[in-house]
Amino acid sequence: MIVEERMRTFINSLDTGNTPFLDELECSVLSEEVPIIRKEMQSFIKTLLALAKPQKILEVGTAVGFSTLLMCEYGRPDLHITTIENYEKRIPLAKENFKKAGREDQITFLEGDAGEILKKLEDSYDLIFMDAAKGQYIHWLPDVVRLLAPGGILMSDNVLQEGELIESHYLVERRNRTIYKRMRDYLFELKHHPQLTTSIIPLGDGVSVSVKEEL
């Protein structure tokens, strides 16, 4: 664990940062203890955007809009993001940040329960980014796969649960056992899904990257 922390510190020390607006936003939300994607995950997303060049993105879990704006800034110029958020206290903050960044035209903001919204969506997306209630990933997966374009990428953040996922079921606190089981089921399904090719990467708190089979 000490070696991993030192390695993460070293890697992050090489990071060149983001735009002044995003750097300021990051400092602001971290000072208020609002969780956002980690530095190493930010770098990974920027690299993935440069590699895959998705034009249409679906994000499940907006929070205050930091990752949404990161993808707008470092994606292709005609990128459009549809993002979903259910936490009422964060919705106005996200809207304010989108407006300040001048990115409102690039973003479709859907407010409400992700499970219900996903069922109603009919479009297809080149990239789907899952960063919401971890215990719900397994329930959302059928609709997520349906909405993912052939050759599209599904990226799921925080899938290793601070390492708790590799522990025995009996060593996990009782209150965390449901999410523990659901996340293990989710990762199993990703690795065994007939339409997905998946890699699970111990980056940050764990990220899975799945590619949908071309038709």
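Remark: Leu154 CG to Leu127 CG distance equals 8.5 Å, nearest 0.5 Å. Within the model, atoms CD1 of Ile84 and CG of Leu110 stand 5.5 Å from one another, a figure rounded to the nearest 0.5 Å. For the atom pair CE of Met130 and CG of Asn158, the computed distance is 12.0 Å after rounding to the nearest 0.5 Å. A distance of 13.0 Å separates CZ in Arg8 from OG in Ser13, rounded to the nearest 0.5 Å. Considering CG of Leu58 and CG of Leu147, their distance stands at 6.5 Å, rounded to 0.5 Å. With rounding to the nearest 0.5 Å, the separation of CG in Leu160 from CE in Met183 is 8.5 Å.
At least one side-chain heavy atom of Leu70 sits under 4.5 Å from a side-chain heavy atom of Ile45. A heavy-atom distance below 4.5 Å is not found between the side chains of Tyr137 and Arg182. Asp205 is listed as a side-chain neighbour of Arg38, based on a closest heavy-atom distance under 4.5 Å. Using a 4.5 Å heavy-atom threshold, the side chains of Leu22 and Leu69 count as touching. Side-chain atoms of Ile117 and Val60, non-hydrogen and from C-beta on, never get closer than 4.5 Å to each other. For the pair Thr82 and Ile57, the minimum side-chain heavy-atom distance is 4.5 Å or more. With contacts defined as side-chain heavy-atom distances shorter than 4.5 Å, the pair Asn86/Glu111 does not qualify. In this structure the side chain of Gln42 reaches within 4.5 angstrom of the side chain of Glu26, judged on heavy atoms.
For the 3.5 Å distance criterion, the side chains of Thr198 and His193 fail to qualify, holding no donor opposite an acceptor. Side chain to side chain, Tyr74 and Thr19 fail the donor-acceptor criterion of an N or O pair below 3.5 Å.
The minimum heavy-atom distance linking Met155 with Met41 is given by the pair SD-CE, 3.7 Å. Between Phe66 and Asn18 the shortest heavy-atom distance is CZ-ND2, 4.0 Å. The shortest non-hydrogen separation linking Phe21 to Asn97 is CZ-O, 3.8 Å. Shown here for Ala50 and Lys53, the closest heavy-atom pair between the two residues is O-NZ, 2.7 Å. The two residues Gly61 and Ala132 have their closest heavy-atom pair at CA-CB, 3.9 Å. Heavy-atom minimum distance, Glu59 versus Ile81: CB-CG2, 4.4 Å.
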Determine whether Arg146 and Glu122 satisfy the following criterion, side-chain contact (heavy atoms from CB on, under 4.5 Å), listing intermediate values before the conclusion.
CA-CA 9 Å; Arg146 173 179 63 84; Glu122 296 295 337; 4.0 Å; yes

Candidate pair Lys119 and Asp143, rule salt bridge (Lys or Arg N to Asp or Glu O under 4.0 Å), full reasoning:
CA-CA 6 Å; Lys119 292 182 189 304; Asp143 280 310; 3.7 Å; yes

List the steps, then state whether side-chain contact (heavy atoms from CB on, under 4.5 Å) holds for Ser43 with Asp15.
CA-CA 8 Å; Ser43 179; Asp15 194 87; 4.0 Å; yes

Could you check Cys72 against Ile107 for side-chain contact (heavy atoms from CB on, under 4.5 Å), going step by step and ending with a plain yes or no?
CA-CA 8 Å; Cys72 283; Ile107 300 167; 3.9 Å; yes

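Linking Ile, Leu, Val, Met, Phe, Trp and Tyr residues whenever their side-chain heavy atoms come within less than 4.5 Å places Leu196 and Leu118 in a single cluster. Cluster membership check: Ile128 does not share its hydrophobic cluster with Leu49, using side-chain heavy-atom separations under 4.5 Å among Ile, Leu, Val, Met, Phe, Trp and Tyr. In the hydrophobic cluster analysis, where Ile, Leu, Val, Met, Phe, Trp and Tyr join through side-chain heavy atoms closer than 4.5 angstrom, Leu93 is grouped apart from Tyr87. Under the 4.5 Å side-chain contact rule for hydrophobic residues, Val211 and Val159 do not share a cluster. No continuous path of hydrophobic side-chain contacts links Phe129 to Leu148 [ILVMFWY only; heavy atoms under 4.5 Å].
Dense packing is recorded around CD of Glu104, with more than 12 heavy atoms of other residues, nucleotides or ligands lying under 6.0 Å away. Residue Asp105 places its CG atom among 12 or fewer non-hydrogen atoms of other residues, nucleotides or ligands, all under 6.0 Å distant.
Note on Lys46 versus Glu73: no salt bridge recorded, every NZ/NE/NH1/NH2 to OD/OE distance being 4.0 Å or above. A salt bridge links Lys100 with Glu96: the distance from a Lys NZ or Arg NE/NH1/NH2 to an Asp or Glu carboxylate oxygen falls below 4.0 Å.
When atom types are taken as modelled, the side chain of Gln55 and the backbone of Leu79 share no donor-acceptor pair closer than 3.5 angstrom. In this structure a side-chain-to-backbone donor-acceptor pair under 3.5 Å is missing from Glu213 to Gln195. Although no hydrogens or angles enter the test, the distance criterion places a donor-acceptor pair under 3.5 Å between the side chain of His80 and the main chain of Gln106. At distances below 3.5 Å, not a single donor-acceptor pair connects side-chain atoms of Ser28 with backbone N or O atoms of Glu24.
Between Phe188 and His192, the two ring planes are parallel [angle under 30°; tilted spans 30° to 60°].
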